[in-house]
Amino acid sequence: MGDGARAVASLHSGPPTPRHPTRGLPPCRESRRVDRLLATLVPLRHGVTHDVPACWFNVDRSTVTRAIGEVRPLLAERGCTIGPGVRLRTLAEDVYHLGAGEQTGIIDGTEIRVRRPAAGRKDRDTFISGKNKQNAVKSMAVTDGEGRVLWCSPTGPGSCADITHARQAGLVKLLDGGPVVEILADAGYQGLGARTGGRVVTPPHRTFKKNAPDRYEEMYERRRKAHSSRRIRVEHGIAHLKNWRALARHLGRREHISDTVRAVAGLLSHQQTADLNPRRQR
C-alpha cells in the first residue's frame, strides 16, 4: 500500500478480514468500513482497475465500484490536514489560515490527462490543452511556503487559462480587501497582482525586449531566479500529488475527477502532517 496505507494507519493495522467466498463483505460493520476504504485507496494510489480490489476481497467488481463511489466523496469532503484535528476545506479557509499565520502561499495549475470525449460532443475541443495538445482537465493547487498541499480546486477543461481558473475559483474576490497575505505565482497569473492589491506576486516583466543594457539583464535574471527559487516548492507539492497514479492519467469518468483530486490532496496532506510528528521521526 505504501503511502496510502500510512495515510490511514490509524484505521487499519493488518491484512483484509477473511470471509466466505459467497458472502462478500464481512459481518462486522467496522470491518466493512475499513475494507471499503482500502478498496478505494488501492486504485487511487496505484491506478489499478476495480478488478484488482475485487479479486483481493473476493467480491464482484460492481461491489467495489459501488464502495468507491460511496467513499471517494467522503474523502474529498475531509479537506487538507494542517494539524491534529485541523483541516482546511475551502479556498477561503486557506487564505485566512495563511494570513493569520503570516505565511506565504504558492499557487499553480496542474493538468491531468483524461480520456478523449466521445465524437459529436459540442464541448469536445474544450478539453484539449493548449500547452500539451492533449485531452486534459486542470486543477489549481495551493501550497504553503514549504510545499505542503493546502487545497486543490475542482477541475475544469484543459483549455481554460490559469488566470481564468483562479478567477472562477474566487481567488480574486478573497484577496481583494481580504487578509494581508503573499501569494506566489508564475507568469500565467500575471495581472492578478493589480486586481488584488499586490498580494499575488508574479515574475518581473521585461522592460526591454530588444537591445537591453547589460546591467538590466543582470538585474532581471537575479529577480527572476529569486522568485523562481521561492515558487519551486509548489512544483514539489504537485509532484507528490502525481505520485498517486490516479492523477498521473485518469481513465475513469470525468465527473469523478474533481472528487479524486480533492481526495488525494486530503490523503497527501494527512501524510505530510504525520511526517512532521516528532514521535514518528524518532
Side-chain angles (χ1 to χ4, degrees), residues 3-4 40-50 65 68-69 72-73 75-76 80 91 94 105-143 147 149-172 183-192 200 202-203 228 231-269:
D3 299 337
T40 305
L41 289 175
V42 171
L44 289 179
R45 186 65 179 90
H46 301 285
V48 298
T49 62
H50 296 177
T65 302
I68 293 177
R72 182 174 48 213
L75 293 176
C80 293
L91 182 58
D94 288 343
I106 314 175
I107 61 173
D108 196 12
T110 180
E111 295 181 352
I112 304 168
R113 292 182 60 187
V114 296
R115 294 188 300 178
R116 189 177 186 183
R121 286 193 52 170
K122 296 181 180 179
D123 58 346
R124 192 182 191 190
D125 295 338
T126 60
F127 289 94
I128 300 179
S129 169
K131 180 179 180 181
N132 297 324
K133 308 301 181 183
Q134 296 176 341
N135 292 275
V137 294
K138 181 174 294 185
S139 176
M140 184 180 70
V142 181
T143 69
V149 178
L150 300 179
W151 185 74
C152 283
S153 70
T155 58
S159 61
C160 182
D162 289 345
I163 189 172
T164 303
H165 196 78
R167 292 195 186 103
Q168 293 175 351
L171 181 63
V172 176
I183 304 293
L184 302 180
D186 60 9
Y189 298 91
Q190 285 183 347
L192 288 185
V200 177
T202 56
S228 178
R231 197 195 65 84
I232 195 63
R233 298 291 187 176
V234 71
E235 303 292 348
H236 299 163
I238 292 176
H240 288 304
L241 285 172
K242 293 298 183 69
N243 283 337
W244 292 68
R245 301 302 297 173
L247 300 186
R249 183 175 183 180
H250 184 71
L251 300 178
R253 295 184 177 182
R254 287 182 299 276
E255 303 87 58
H256 301 155
I257 185 62
S258 291
D259 285 345
T260 301
V261 172
R262 294 166 57 201
V264 171
L267 293 169
L268 176 61
S269 65

**Q** Apply side chain to side chain contact (heavy atoms under 4.5 Å, CB included) to the pair Gln134 and Ile128, showing each step before the final yes or no.
**A** CA-CA 5 Å; Gln134 296 176 341; Ile128 300 179; over 6 Å; no

**Q** Report the distance from atom CD1 of Ile106 to atom CD1 of Ile232, rounding to the nearest 0.5 Å.
**A**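 Answer for the CD1-CD1 pair, Ile106 versus Ile232, is 9.0 Å.
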
**Q** Indicate yes or no for a side-chain donor-acceptor contact from Arg45 to the backbone of Asn243 under 3.5 Å, with no hydrogens or angles considered.
**A**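 Yes, because the side chain of Arg45 sits within donor-acceptor range (under 3.5 Å) of the backbone of Asn243.
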
**Q** So, for Pro43 and Ile68, which heavy atoms are closest and what is the spacing to 0.1 Å?
**A**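 Minimum heavy-atom contact is CG-CD1, 3.8 Å.
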
**Q** With rounding to the nearest 0.5 angstrom, report the NE2 to CG distance, His165 to Leu171.
**A**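 One gets 11.0 Å once the value is rounded to the nearest 0.5 Å.
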
**Q** Can you tell me if Thr164 uses its side chain to pair, donor with acceptor, with the backbone of Cys160 under 3.5 Å?
**A**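 A pair under 3.5 Å: no.
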
**Q** Donor-acceptor pair, Ser139 side chain versus Ser153 backbone, under 3.5 Å?
**A**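 Between the backbone of Ser153 and the side chain of Ser139 there is a qualifying donor-acceptor contact (under 3.5 Å).
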
**Q** Mark yes or no for whether Ser129, through its side chain, and Ala136, through its backbone, hold a donor-acceptor pair below 3.5 Å.
**A**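 Not confirmed, Ser129 side chain does not pair with Ala136 backbone.
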
**Q** Would you indicate whether the side-chain heavy atoms of Leu267 and Trp244 approach each other to under 4.5 Å?
**A**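 They are in contact (side-chain heavy atoms under 4.5 Å apart), so the answer is yes.
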
**Q** Rounded to the nearest 0.5 Å, what separates atom CG in Leu75 from atom CG in Leu44?
**A**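 So the gap between those two atoms works out to 7.0 Å.
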
**Q** Would you mind telling me which of Val200, Ile183, Thr202 makes a side-chain contact (heavy atoms from CB on, under 4.5 Å) with Leu192?
**A**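 The side-chain contact (heavy atoms from CB on, under 4.5 Å) with Leu192 is passed solely by Val200 among Val200, Ile183, Thr202.
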
**Q** With a 6.0 Å cut-off (strictly less than), is the heavy-atom count around CZ of Arg245, excluding the residue itself, greater than 12?
**A**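 Open.
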
**Q** What do you reckon, is CZ of Arg116 surrounded by more than 12 foreign heavy atoms closer than 6.0 Å?
**A**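 Counting neighbours around CZ of Arg116, 12 or fewer heavy atoms of other residues, nucleotides or ligands fall under 6.0 Å, so no.
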
**Q** Treating Gln190 as the side-chain partner and Pro203 as the backbone partner, does any N or O pair qualify as donor plus acceptor under 3.5 Å?
**A**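 Judged by distance alone, yes, a pair lies under 3.5 Å.
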
**Q** Counting distance only, does the side-chain N/O of Lys138 pair as donor-acceptor with the main-chain N or O of Ile112 below 3.5 Å?
**A**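 No, because the side chain of Lys138 does not come within donor-acceptor range (under 3.5 Å) of the backbone of Ile112.
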
**Q** How long is the gap from SG on Cys152 to CD1 on Ile238, to the nearest 0.5 Å?
**A**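 Rounded to the nearest 0.5 Å, the SG-CD1 separation comes out at 8.0 Å.
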
**Q** Is there a donor-acceptor contact under 3.5 Å from the side chain of Arg115 to the main chain of Leu251?
**A**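 Yes; judged by distance alone, with no hydrogens or angles, the pair exists.
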
**Q** Check step by step if side chain to side chain donor-acceptor pair (under 3.5 Å) holds for Arg113 and His250.
**A** CA-CA 6 Å; Arg113 292 182 60 187; His250 184 71; over 6 Å; no

**Q** Checking side chain to side chain contact (heavy atoms under 4.5 Å, CB included) for the pair Val149/His240: CA distance, chi angles, key distance, verdict?
**A** CA-CA 9 Å; Val149 178; His240 288 304; 6.0 Å; no

**Q** Answer with yes or no whether the side chains of Thr155 and Ser258 bring together a donor and an acceptor at under 3.5 Å.
**A**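 Their side chains do contain a donor-acceptor pair, which is all the 3.5 Å distance test asks for.
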
**Q** With a 4.5 Å heavy-atom cut-off, do Arg231 and Asp186 have their side chains touching?
**A**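 Yes, side chains in contact.
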
**Q** Given 3.5 Å as the limit, does a donor-acceptor pair link the side chain of Arg124 with the main chain of Pro117, or not?
**A**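 Yes.
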
**Q** Provide the closest heavy-atom pair for Ser269 versus Cys80 in the form atom of the first, atom of the second, distance.
**A**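 Closest approach of Ser269 to Cys80: OG-CA, 3.2 Å.
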
**Q** Working to the nearest 0.5 Å, report the span between NZ of Lys242 and CG of Leu247.
**A**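 Between atom NZ of Lys242 and atom CG of Leu247 there are 7.5 Å.
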
**Q** Report yes if some heavy atom in the side chain of Asp108 is under 4.5 Å from a heavy atom in the side chain of Glu235; otherwise report no.
**A**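 A side-chain contact exists here, since the closest heavy-atom pair is under 4.5 Å.
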
**Q** Side chains of Arg262 and Trp151, heavy atoms from C-beta outward: is any pair under 4.5 Å?
**A**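 No - every pair of side-chain heavy atoms lies 4.5 Å or more apart.
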
**Q** Could you tell me whether the side chain of Leu184 reaches within less than 4.5 Å of the side chain of Ile107, counting heavy atoms only?
**A**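 Result no, sub-4.5 Å side-chain heavy-atom pair not found.
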
**Q** Mind checking whether Thr126 and Ser159 have side chains closer than 4.5 Å, heavy atoms only?
**A**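 Side chain of Thr126 against side chain of Ser159, heavy atoms only: contact under 4.5 Å found.
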
**Q** Roughly how far apart are Arg167 CZ and Tyr189 OH, rounded to 0.5 Å?
**A**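 If I round to the nearest 0.5 Å, the distance is 11.5 Å.
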
**Q** Looking at every non-hydrogen atom in both residues, tell me the closest pair between Ala169 and Leu91 and how far apart they are.
**A**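 Result for this residue pair: O-CD2, 3.6 Å.
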
